[in-house]
Amino acid sequence: EKGGYAHFMLKEIFEQPQTIFDSLRGRLDAKKGTLTMGGIREYAETLSNAKRIIIVACGTSWHAGLVAEYMIEELCRIPVEVEYASEFRYRNPVVGPGDVIIAISQSGETADTLVAIEAAKEKGAIILGVCNVVGSSIARLSHAGAYTHAGPEIGVASTKAFTAQLAVLCLVGLKIAAEKGSITTQRFQHLLDELDQVPEKVATALKLDDQVQKVAAKYKDARDFLYLGRGYNFPVALEGALKLKEISYIHAEGYPAAEMKHGPIALVDENLPVVIVATKDSYYEKVVSNIQEIKARKGKVIAVVTEGDQTIPPMADDVIFVPSADELVAPIISVIPLQLLAYHIGVMKGFDVDKPRNLAKSVTVE
Ligand code: M6R
């Protein structure tokens, strides 16, 4: 049942080229330059006329929502807010007709997310569900939907559901942008091509497994980890830190890299591994400065960089090269080594990575 893998988590990490492909299949046709989203067709106009979009989710799905915020604002020029479902629900939110809520949930059963959208729906908002489990409560409650086709996710730590969410949310953003006319034909076609290439690039990134395992062995006894990224890779830093916490019980914090100087830099010393997602994008130069700031304080830098990068490698203690990609889809690739890092550290420490302590796969209590 684990297909020859030691754990479901590893199997699911390695399934990602296929599960991302499955989430794009039948929707994206890069050759023809078309995008079909059956589950939102009826609401395409409503979505493109939205005054604002509010994304509600928890945990890893919330991280996918943060990436979607950047994607949708850039592609559609619609203001997007990303909310922890539990916080959104309990503060009597200002929401009503004209608002679109995107609920992201692997299980489709997360109680916090479910009650949040129930409340918003009652107030007249349109709900778009991005769920993995077909026929789940959140999917049923939604007006429109776009399923992720990641297949059953057994490992408590979400991996393949996350990358499928990113792929589908990018499709949703592109669809709304096309409907709205807020994207040029060239950019639209370019992003279809970029998405089309993601499964192959993820397969390339998975070949880094041995290398990531060595990095894991080197840092597995650290007491704390810091994860940093900017822009599209800022939520990837949060996700990397969450994976490590869940699986290895090592304290880890994710931060937008520029926030470091507003506090967390006080933690940096020669014992602190700092994982920095520093792929070539519009934030690259700024991230290079952040790496210099960490090295000046003797932190250990583990950098995830784009293949061919020659600037960061001499500055970093460990370097992981990932295939180059447009910054919009880069998180789907840059998260792969972080999933593997958490997995290997968890296994090396002797923990049950498929069933981390105190956690349930689906959190059906508020
Ligand atoms: O099923 P959902 O996507 O709604 O679940 C949300 C969170 O409970 C979930 O992502 C959780 O944070 C995972 N354990 C993360 O690995």
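Only a predicted model underlies this, so the values are computations on that prediction, with no experimental measurement involved. Numbering of ligands and ligand atoms starts at 1, following listing order.
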Considering only residues two or more places apart or on different chains, which pairs with a residue in residues 281-330 satisfy ring-ring contact (aromatic ring centres under 6.0 Å, His included)? none
Would Arg52 and Glu81 pass as an ion pair if we require N to O under 4.0 Å? yes
Test: Glu153 and Lys361 ion pair at under 4.0 Å: yes
Give one line per pair: atom of ligand 1, protein atom, distance. Only N/O to N/O under 3.5 Å.
| from | atom 1 | to | atom 2 | distance (Å) |
| --- | --- | --- | --- | --- |
| ligand 1 | 1 (O) | Ser105 | OG | 3.4 |
| ligand 1 | 1 (O) | Gln106 | N | 3.4 |
| ligand 1 | 1 (O) | Ser107 | N | 2.8 |
| ligand 1 | 1 (O) | Ser107 | OG | 2.7 |
| ligand 1 | 1 (O) | Thr110 | OG1 | 3.4 |
| ligand 1 | 3 (O) | Ser61 | OG | 2.6 |
| ligand 1 | 3 (O) | Gln106 | N | 2.6 |
| ligand 1 | 4 (O) | Ser105 | OG | 2.6 |
| ligand 1 | 4 (O) | Thr110 | OG1 | 2.4 |
| ligand 1 | 5 (O) | Thr110 | OG1 | 3.4 |
| ligand 1 | 10 (O) | Thr60 | N | 3.1 |
| ligand 1 | 12 (O) | Thr60 | N | 3.4 |
| ligand 1 | 14 (N) | Val156 | O | 3.2 |
| ligand 1 | 14 (N) | Glu246 | OE2 | 2.5 |
| ligand 1 | 16 (O) | Thr60 | OG1 | 3.4 |
| ligand 1 | 16 (O) | Ser158 | N | 2.8 |
| ligand 1 | 16 (O) | Lys243 | NZ | 3.0 |
| ligand 1 | 16 (O) | Glu246 | OE1 | 2.6 |
| ligand 1 | 16 (O) | Glu246 | OE2 | 3.2 |

Would you check if the side chain of Lys123 reaches a backbone N or O of Val95 as a donor-acceptor pair within less than 3.5 Å? no
Please name all residues satisfying ring pair (Phe, Tyr, Trp, His ring centres under 6.0 Å) with Tyr343, sequence neighbours left out, ordered by chain then number. His7
Under the ring pair (Phe, Tyr, Trp, His ring centres under 6.0 Å) test, which residues partner Phe234, sequence neighbours left out? none
